[in-house]
Student: 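Can you keep this structure in mind? I'll have questions shortly.
Values reported hereafter were calculated over all heavy atoms of this structure, with side chains retained and with hydrogens, waters and symmetry mates removed. Remember, it's a predicted structure, so these values are computed and weren't measured experimentally. Chain letters run A, B, ... following the sequence lines, proteins first, then strands; residues in each count from 1.
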2 protein chains.
Amino acid sequence: MARVNIEDVARASGVSVATVSRALRGLPNVSPATRRRVMEVASHMGYRPDPNAARLAAGKTATVGLCVTAIPIWYTGQVSAGAEAVLTVAGYDLVLIVVADRQTRRRTLGEAAGLAKRVDGLLMVDIVPTADERVGLQRAGLPWVMVGAADPSTPSVVVDNMGGAAQAARHLLELGHRRIGLISGGRAAFENSTPRERRDGFVEALAEAGVRFDPRLERPGNFSALGGYEAMMALLESSDRPSAVFAMSDEMAIGAARAAAERGLKVPDDLSVVGFDDHELAFAFGLTTIRQPATELGSEGARRLLGLLDGGPGDGRIVLPTELVVRESTGPPREKHP
Amino acid sequence: MARVNIEDVARASGVSVATVSRALRGLPNVSPATRRRVMEVASHMGYRPDPNAARLAAGKTATVGLCVTAIPIWYTGQVSAGAEAVLTVAGYDLVLIVVADRQTRRRTLGEAAGLAKRVDGLLMVDIVPTADERVGLQRAGLPWVMVGAADPSTPSVVVDNMGGAAQAARHLLELGHRRIGLISGGRAAFENSTPRERRDGFVEALAEAGVRFDPRLERPGNFSALGGYEAMMALLESSDRPSAVFAMSDEMAIGAARAAAERGLKVPDDLSVVGFDDHELAFAFGLTTIRQPATELGSEGARRLLGLLDGGPGDGRIVLPTELVVRESTGPPREKHP
DNA sequence: CTGAAAGCGCTTACAG
DNA sequence: CTGAAAGCGCTTACAG
């Protein structure tokens, strides 16, 4: 119960409580000798300031809220890990806030006044606050940065989704593919810009090569392996099936490859597959993919937020690059096209 | 800045601050009429109690610390999701505490006095506190429950590791395998009982069938896909290579299958592979595996901790069952054995 | 069933 | 450079 409090330390070191507070927090206007003595006494007594008292008195929580739509997801894990690393070093606690459905959303983002008392700022992972939510957050004086999904009026760090999708498309085009399927997002928990950007980048790159994207070749895969599997099964039912497919995530791509295998199709001979992520297991699948720096997304987002909390500027967005990683799931089409 | 505080509410509803506090928290000894009025006024004014003040006054944080050795891992994600769901419903915040190396460990588990001021209890995922750490936690009055790794003297919820590993072994034995490799944990961040239990269950099941486990067939895979890959490569170098392998996680199993493929071996004809987890992507690999209820591990652990926080008993352990899921990565050995 | 008051352990102007 | 004091917003005996 380490019941030693600041008053005990003050008494033991023969100074006032105020001086102890200043000395321990590294504030100016404390003589070196005093500071040294106080620090010694405090450490000797095993004194740990009570964060709750500090929060109440100072109005700051030294805590950041990490808002995610779901925890058990590769992407969430990467981003969280990146964020945690920088927040911890900066002395911030990280509380997890899952914003999965309308209900939890109302209880969290909708309660900015309550939220503001538990965290100093928010990191929104792939979440786009509504107009109402923004107003609430602003009114509560709660700064936030967006990660993964961007917004012109909010500090955000994103990945070059259009560019990445274009890399995928061009890679397939160069191999000679013309009829290319797309496994996209679909009924994600909340709409955000990512699937749209990847779609746009993909379609544009095709257009630049003179290939018109056939919308019948697009299927939602819900960013899950099973969704990718089902999407691919649907695409394979067509008599005029694609010779290649771009999935907006590795998990969907892997599901898609599975579907092809079940239909007796060889990857890449009968079907080329490219994903997006460079998931830990992508190499084991030999999956060609667009690597995105998911951990960095989290660490950059956290740095950004810390900047805001220090009163920094904060507008603008950071765009992180993607990289094409060629493995064995892509190759030239078997028929026709050279 | 929702600056309305409890005093404002008291004034507006014509009662004392104490009464507002009681009414809003559902404490007894408040007349129904008063309670109703206070609640109405409070909600009308948009009053949100300040958790920091409540914590300071009551000495409780309504927060649980989730201690993990690493975030971006399938298992951690599952467990965290399970825990988060029940904690949120119970009104607890969840702070993430990463205990990766000695340093972070000292700063967190080693600082029980400080920890006790930010959380009411701890959920330790695959972490075994040292004797010193236990003493510190106890002295600080901080209850904890262990998840994934058990300990006789601590409330814990685990999976039937021995039983699960035995299921894997028996499945392979029934198929006719006799020379079976083992890809185990190895240099995990911190030792815990899980790898040992799985090894014991595996070896015992072999022994029961009259098969003596050849220790040269064991390689550490570090619970990662790459580790599994490397471990398998090493196992395949032997002239007397195994006809089957059991990996203690799906990620390692998938890495192992990849290694086999690169060496020109077909799964399962040349090599049977069974994993442990039933990872989201296991189906896409056609991986035979031992399914473990990872999410339930987290939710049960959280329930257990809430029980402790309510002053419940708390000793003993819960063991969750595993299940063999047969897919296509296992089959009879090609040569000799029937 | 209700209120007055002390207390939780800090931080922060304000004086000096 | 240092201290006395108010204040942060609650909870909790204690009286009544």
Student: Check every strand shown and say whether A:A18 touches a base, only sugar-phosphate, or nothing at a heavy-atom separation below 4.0 Å.
Tutor: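 Base: the residue A:A18, judged by heavy atoms under 4.0 Å, touches a nucleobase.
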
Student: Answer whether the closest heavy-atom distance between the side chains of B:V125 and B:C67 falls below 4.5 Å.
Tutor: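 The answer is no; the side chains never approach within 4.5 Å.
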
Student: Check for a donor-acceptor pair, side chain of A:D310 on one end and backbone N or O of A:G307 on the other, with a separation under 3.5 Å.
Tutor: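 No: the side chain of A:D310 does not pair with the backbone of A:G307.
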
Student: On DNA chain C, check which nucleotide each of B:S31 and A:K60 is closest to and give me the residue with the more 5' one.
Tutor: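 Its nearest nucleotide lies further toward 5', so the answer is B:S31.
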
Student: Heavy atoms, side chains only, cut-off 4.5 Å: are A:R37 and A:V15 in contact?
Tutor: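 Side-chain contact under 4.5 Å: yes.
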
Student: Where each residue is assigned the nucleotide of DNA chain C containing its nearest heavy atom, which of B:P28 and B:L56 is assigned the position nearer the 5′ end?
Tutor: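 The 5'-side residue here is B:P28.
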
Student: Using a heavy-atom cut-off of under 4.0 Å over every strand shown, decide if B:D50 touches base, sugar-phosphate, or nothing.
Tutor: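 Here B:D50 touches the backbone only, sparing every base.
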
Student: Quick check: do B:M146 and B:V128 have side-chain heavy atoms less than 4.5 Å from each other?
Tutor: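 The answer is yes; the side chains approach within 4.5 Å.
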
Student: I want to confirm an ordering. Mapping B:S21 and A:V30 to their closest nucleotides on DNA chain D, which one lands closer to the 5' end?
Tutor: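 Its nearest nucleotide lies further toward 5', so the answer is A:V30.
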
Student: Answer whether the closest heavy-atom distance between the side chains of B:V158 and B:I318 falls below 4.5 Å.
Tutor: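 The answer is no, as the side chains (C-beta and beyond) never meet within the 4.5 Å cut-off.
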
Student: With sugar-phosphate meaning primed atoms plus P, OP1 and OP2, does B:R55 contact a base, only sugar-phosphate, or nothing at under 4.0 Å between heavy atoms?
Tutor: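 Answer is nothing: B:R55 stays at 4.0 Å or more from every strand.
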
Student: Which nucleotide span of DNA chain D, 5' end to 3' end, has atoms closer than 4.0 Å to non-hydrogen atoms of chain A?
Tutor: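 Taking any atom under 4.0 Å from a heavy atom of chain A, the span is D:dC1 to D:dG9.
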
Student: Indicate yes or no: does B:R48 engage A:E111 in a salt bridge with an N to O separation below 4.0 Å.
Tutor: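 Here B:R48 pairs with A:E111 in a salt bridge, since their nearest N and O are under 4.0 Å apart.
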
Student: Base, sugar-phosphate or nothing for B:V15? Non-hydrogen atoms, less than 4.0 Å.
Tutor: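 Sugar-phosphate only.
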
Student: Decide, yes or no, whether a salt bridge links B:D151 with B:R134 under the criterion of side-chain N to carboxylate O below 4.0 Å.
Tutor: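 Salt bridge: yes.
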
Student: Treat a base pair as Watson-Crick or G-U wobble with both distances under 3.5 Å, then lay out DNA chain D in dot-bracket form, 5' to 3', with | for cross-strand pairs.
Tutor: |||.||||||||.|||

Student: Can a donor-acceptor pair be found, under 3.5 Å and without considering hydrogens, that links the side chain of A:T61 to the backbone of A:T63?
Tutor: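 Such a contact is found between A:T61 side chain and A:T63 backbone.
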
